[in-house]
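Only a predicted model underlies this, so the values are computations on that prediction, with no experimental measurement involved. The chains referred to below are lettered A, B, ... by the order of the sequence lines, with proteins before strands, and numbering in each begins at 1.
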Amino acid sequence: MAVTGDETETGTSGDLTACQLQNTGSSLPQGGAETSTQGFVKSANPSQKREHRLMKNREAARECRRKKKEYVKCLENRVAVLENQNKTLIEELRSLKDIYRHKVE
DNA sequence: TTTGACAAGCGTCAGTTCAG
DNA sequence: CTGAACTGACGCTTGTCAAA
């Protein structure tokens, strides 16, 4: 056996932490250099404010999609690893059953 | 070559969440 | 309470591919 031993190691425990989507960066203050932005927002006229808001949202949407894509890829990885692990365990069980049967006979 | 179906990516809006 | 960030939903554009 030891067919997929290496893969199990990269998978299970690692992916549990790697596949987190919710709190990876969403609630972080994103850079922290908001002072200039705030100054701008206060002095800007409504159409400038709107433009600024749209730009911010555009970037946020892009980032959101990037994170989601990464998360999905991570989950798919995890599925592959677990499927391999499952296959290995089934094989192992079969061979143990076989050994047992020969002993009994 | 043309055309229709499909997937992927994008921008925008609206609703939600959270820090200040 | 308010402003900023996040995200689901919607419509639009673009690229790819198989069938005609």
Side-chain angles (χ1 to χ4, degrees):
Chain A
M1 28 182 258
V3 187
T4 54
D6 37 4
E7 272 146 323
T8 52
E9 167 240 318
T10 45
T12 48
S13 60
D15 282 352
L16 279 176
T17 52
C19 285
Q20 289 167 344
L21 175 64
Q22 303 303 351
N23 295 325
T24 42
S26 51
S27 56
L28 294 176
Q30 299 296 99
E34 298 302 321
T35 45
S36 59
T37 299
Q38 281 169 350
F40 164 76
V41 167
K42 279 191 178 171
S43 60
N45 64 43
S47 100
Q48 283 175 318
K49 279 183 185 174
R50 173 181 157 78
E51 213 45 50
H52 184 259
R53 184 173 51 76
L54 288 181
M55 190 189 72
K56 282 285 192 184
N57 190 240
R58 200 179 304 139
E59 286 166 8
R62 230 177 278 157
E63 176 65 10
C64 181
R65 285 170 183 137
R66 189 193 64 75
K67 275 199 301 190
K68 187 172 183 177
K69 209 173 161 186
E70 195 179 329
Y71 174 67
V72 168
K73 201 186 287 181
C74 188
L75 285 182
E76 285 170 346
N77 242 10
R78 186 158 155 70
V79 167
V81 166
L82 289 174
E83 278 176 348
N84 264 339
Q85 212 175 340
N86 196 35
K87 211 184 292 178
T88 303
L89 288 172
I90 287 172
E91 241 172 64
E92 193 178 338
L93 177 62
R94 189 176 300 148
S95 92
L96 287 173
K97 277 182 176 174
D98 217 42
I99 291 171
Y100 177 71
R101 201 179 327 119
H102 280 95
K103 266 195 166 179
V104 167
E105 288 172 359

Enquirer: Which nucleotide, dA14(B), dG9(B), dA5(C), lies nearest any side-chain atom of Lys56(A)?
Expert: dA5(C)
Enquirer: For the CG atom of Asn57(A) and the CZ atom of Arg62(A), what is their distance to the nearest 0.5 Å?
Expert: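 Between atom CG of Asn57(A) and atom CZ of Arg62(A) there are 11.0 Å.
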Enquirer: Do the side chains of Val81(A) and Arg78(A) get nearer than 4.5 Å, heavy atoms only?
Expert: no
Enquirer: Take atom NZ of Lys73(A) and atom C1' of dA8(B), then tell me their distance rounded to the nearest Å.
Expert: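 In whole Å, dA8(B) C1' lies 14 Å from Lys73(A) NZ.
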Enquirer: Tell me: CZ of Arg50(A) to P of dG3(C), nearest whole Å?
Expert: 17 Å
Enquirer: To the nearest Å, how far apart are Arg53(A) CZ and dA5(C) P?
Expert: 12 Å
Enquirer: I need the Thr88(A) OG1 to Asn84(A) CG distance, nearest 0.5 Å.
Expert: 6.0 Å
Enquirer: Considering the options Lys56(A), Lys49(A), Gln48(A), Arg50(A), which one meets the side-chain contact (heavy atoms from CB on, under 4.5 Å) requirement together with His52(A)?
Expert: Lys56(A)
Enquirer: Apply the salt bridge (charged side-chain N to carboxylate O under 4.0 Å, His left out) test between Glu70(A) and each candidate in Arg66(A), Lys73(A), Lys67(A); give the one that qualifies.
Expert: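 Per the salt bridge (charged side-chain N to carboxylate O under 4.0 Å, His left out) rule, the option paired with Glu70(A) is Arg66(A), out of Arg66(A), Lys73(A), Lys67(A).
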Enquirer: Closest to the Arg58(A) side chain: dT12(B), dC6(C), dG9(B)?
Expert: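 Of the candidates, dT12(B) comes closest.
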Enquirer: Phosphate oxygens OP1/OP2 of dG8(C): is one of them under 4.0 Å from a side-chain N or O of Lys68(A)?
Expert: yes
Enquirer: Can you tell me how far P of dT7(C) sits from CD of Glu59(A), to the nearest Å?
Expert: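 Taking atom P of dT7(C) as the reference, CD of Glu59(A) is at 15 Å.
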Enquirer: CG/Leu96(A) to CG/Leu93(A) distance, rounded to the nearest 0.5 angstrom?
Expert: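 If I round to the nearest 0.5 Å, the distance is 6.5 Å.
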Enquirer: Do any side-chain nitrogens or oxygens of Lys69(A) fall under 4.0 Å of OP1 or OP2 in dA8(B)?
Expert: no
Enquirer: Between atom OH in Tyr71(A) and atom P in dT7(C), what is the gap in whole Å?
Expert: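 About 12 Å, once rounded to whole Å.
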Enquirer: Measure from the side-chain heavy atoms of Arg62(A) and tell me the nearest of dG9(B), dC10(B), dT7(C).
Expert: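 Minimum distance to the Arg62(A) side chain belongs to dC10(B).
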Enquirer: Applying a 4.0 Å non-hydrogen cut-off, can you work out what Arg66(A) is touching in the nucleic acid: base, sugar-phosphate, or nothing?
Expert: nothing
Enquirer: For the pair made of CG in Leu54(A) and P in dC10(B), what is the distance, rounded to whole Å?
Expert: 17 Å
Enquirer: Should Lys67(A) be listed as having a side-chain N or O under 4.0 Å from OP1 or OP2 of dT7(C)?
Expert: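 Checking Lys67(A) against dT7(C): at least one side-chain N or O falls below 4.0 Å of OP1 or OP2.
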Enquirer: Distance check, rounded to the nearest 0.5 Å: Arg53(A) atom CZ versus Arg58(A) atom CZ?
Expert: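 Output value for this atom pair is 11.0 Å.
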Enquirer: Between protein and nucleotides 9-13 of chain C, what N or O pairs are separated by less than 3.5 Å?
Expert:
residue	atom	partner	partner atom	Å
dA9(C)	N6	Arg65(A)	NH2	3.4

